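Written below as structure tokens is the structure these notes are about.
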Amino acid sequence: MSLLSVEGLDVRLGRRRILHDVSLAIRPGEIVTVVGPNGSGKSTLVRALIGALRPSAGRVRRDAGLRIGYVPQKLAVDATLPMTARRFLGLPRGIGNAAAAEALAAAGVPSVGDMQVADLSGGQLQRVLLARALLSEPQLLILDEPTQGLDQPGAAAFYRQIEEIRSRSGCAVLMVSHDLHVVMAASDRVICLNGHVCCQGHPEQVASAPEYRALFGSGTQGALALYRHEHAHSHDPAHPH
């Protein structure tokens with residue numbers, strides 16, 4: 001059973017073939033991360049999944065009535081535009097104060113509702129975008145490089161927030177990311193993309209796969225072990241933060 005599946009997906013932009021013969025499936029409740037070098041087609045894949053891009057061949061199948069929450073890579077904000085985070089959440093259709101407060105709390109920024117969007121830090125803005133995606137109570141949350149521009153502690157905190165959201169709501173998560181070692185620890189399954197699916201599986205399987213090492217080298221293995229060690233201690237009462 002899958003919420004969303006892709007079969008034999010090809011995407012061409014002009015004469016360029018961006019993706020070819022991509023097949024994958026997202027099952028309920030799992031966190032799947034797509035990694036790949038720059039230009040590998042990661043964002044193109046996301047656009048095809050959410051229906052913003054029509055594939056040249058193959059098909060994307062979504063469960064009937066599937067609710068998708070989408071967090072874009074970044075949002076260009078006009079600094080002269082007066083708009084609070086609370087008002088931004090209500091675009092294009094209004095929402096109640098209780099729903100807005102609940103979404104901001106779930107995204108880890110309960111106190112930014114009255115702040116101007118232009119005054120938010122990069123991390124706060126990404127969490128407001130996450131809150132906006134959560135308003136639809138998604139069964140599948142799709143995030144396109146949500147931690148771009150954040151430092152490593154900020155990125156790690158963001159991924160922990162995603163894990164909490166998954167634990168609380170049961171939604172599946174599909175993330176595109178370049179934060180290799182953090183992502184590998186935060187994922188149930190990793191898909192390595194380079195125009196096509198090079199390899200996929202549990203993080204440890206992918207980190208040791210020849211196709212993955214050819215793209216990224218073998219340095220991620222040590223980082224993965226270190227992060228898992230720190231991650232285990234962060235949930236251990238004997239090792240408080």
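Owing to the predicted nature of the structure, the values given are computational and were not obtained by experimental measurement. No hydrogens, no waters, no symmetry mates; every other heavy atom, side chains included, goes into these values.
When all heavy atoms of A186 and I31 are compared, the pair lying nearest together is O-CG2, 3.6 Å. Taking all atoms of both residues into account, the shortest heavy-atom contact from R62 to A48 is NH2-O, 3.5 Å. The two residues C198 and L193 have their closest heavy-atom pair at SG-C, 4.3 Å. A pairwise comparison of heavy atoms in Q126 and P72 identifies NE2-O, 3.8 Å as the closest pair. Across A85 and L120, no two heavy atoms sit closer than the pair CB-CD1, 4.5 Å. The shortest heavy-atom contact between L89 and L135 is O-CD1, 3.6 Å.
Two different hydrophobic clusters hold L134 and Y70 under the rule that ILVMFWY side chains link at heavy-atom gaps under 4.5 Å. Hydrophobic clustering of Ile, Leu, Val, Met, Phe, Trp and Tyr side chains at less than 4.5 Å, counting indirect connections, keeps V197 apart from L180. When hydrophobic clusters are built by joining Ile, Leu, Val, Met, Phe, Trp and Tyr residues whose side-chain heavy atoms come closer than 4.5 Å, directly or via intermediates, M175 is grouped together with L141. No path of Ile, Leu, Val, Met, Phe, Trp and Tyr side chains, each step under 4.5 Å between heavy atoms, connects L45 with V173, placing them in separate hydrophobic clusters. Clustering ILVMFWY residues whenever any of their side-chain heavy atoms sit less than 4.5 angstrom apart, transitively, puts V32 in a cluster other than the one holding F216.
Within 6.0 Å of the CD atom in E102, the count of heavy atoms belonging to other residues, nucleotides or ligands does not exceed 12. Residue D114 qualifies as open at atom CG: its count of foreign heavy atoms under 6.0 Å is 12 or below. Residue-environment remark: CD (E137) stays at or below the threshold of 12 foreign heavy atoms within 6.0 Å. In this structure, R87 places its CZ atom where only 12 or fewer heavy-atom neighbours from other residues, nucleotides or ligands lie under 6.0 Å away. Around atom CZ of R168, more than 12 heavy atoms belonging to other residues, nucleotides or ligands sit under 6.0 Å away.
For the atom pair CG (L49) and CG (L4), the distance works out to 5.5 Å, reported to the nearest 0.5 Å. Interatomic distance, L150 CG to Q152 CD, rounded to the nearest 0.5 Å: 11.5 Å. In this structure, CG on L3 lies 8.5 Å from CD1 on I26, to the nearest 0.5 angstrom. Rounding to the nearest 0.5 angstrom, the gap separating the NE2 atom in H196 from the OG atom in S40 is 10.5 Å. From Y212, atom OH reaches atom CD of Q205 across 13.5 Å, with rounding to the nearest 0.5 Å. With values rounded to the nearest 0.5 angstrom, I162 atom CD1 is found 11.0 Å from S187 atom OG.
In this structure, K42 contributes its side chain and V34 its backbone to no donor-acceptor pair below 3.5 Å. Side chain of R127 to backbone of A107: a donor-acceptor contact under 3.5 angstrom is found. A distance-only check finds a donor-acceptor pair linking the side chain of Q139 to the backbone of R67 [under 3.5 Å]. Using a distance-only test at 3.5 Å, with no hydrogens or angles considered, a donor-acceptor pair links the side chain of R61 to the main chain of S2. Side chain of S121 to main chain of Q124: a donor-acceptor pair is present (N/O by atom type, distance under 3.5 Å, no hydrogens or angles). Proximity of a side-chain donor or acceptor of D151 to a complementary backbone N or O of G154 within less than 3.5 Å is detected.
At least one side-chain heavy atom of V35 sits less than 4.5 Å from a side-chain heavy atom of C192. Counting only heavy atoms from C-beta outward, the side chains of V46 and Q73 never approach each other to under 4.5 Å. Side-chain contact between Y159 and T33 is absent, with no heavy atoms from C-beta onward closer than 4.5 Å. Counting heavy atoms from C-beta on, the side chains of T84 and Q116 come closer than 4.5 Å.
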Listing, residues 8-23 side-chain donor-acceptor contacts under 3.5 Å, not counting sequence neighbours, or none:
unit_1: D10; atom_1: OD1; unit_2: D21; atom_2: N; d: 2.9
unit_1: D10; atom_1: OD2; unit_2: R17; atom_2: NE; d: 3.1
unit_1: D10; atom_1: OD2; unit_2: R17; atom_2: NH2; d: 2.7
unit_1: S23; atom_1: OG; unit_2: G8; atom_2: N; d: 2.9

Discussion item. Show, in sequence, the C-alpha distance, side-chain angles and deciding distance for V128 and L75, and conclude whether the side chain to side chain contact (heavy atoms under 4.5 Å, CB included) test is met.
Written reply: CA-CA 11 Å; V128 169; L75 180 73; over 6 Å; no
Item to complete: In sequence, state the C-alpha distance, the side-chain angles, and the governing distance for L130 and L143, and then conclude on side chain to side chain contact (heavy atoms under 4.5 Å, CB included).
Response: CA-CA 9 Å; L130 174 60; L143 306 101; 4.3 Å; yes
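Remark: the H178 side chain and the E145 side chain contain an N/O donor-acceptor pair separated by less than 3.5 Å.
Applying the ring pair (Phe, Tyr, Trp, His ring centres under 6.0 Å) criterion to H202, with sequence neighbours excluded, gives no partner residue.
A salt bridge between R27 and D188 is absent, with no side-chain N of the basic residue lying under 4.0 Å from a carboxylate O of the acidic one.
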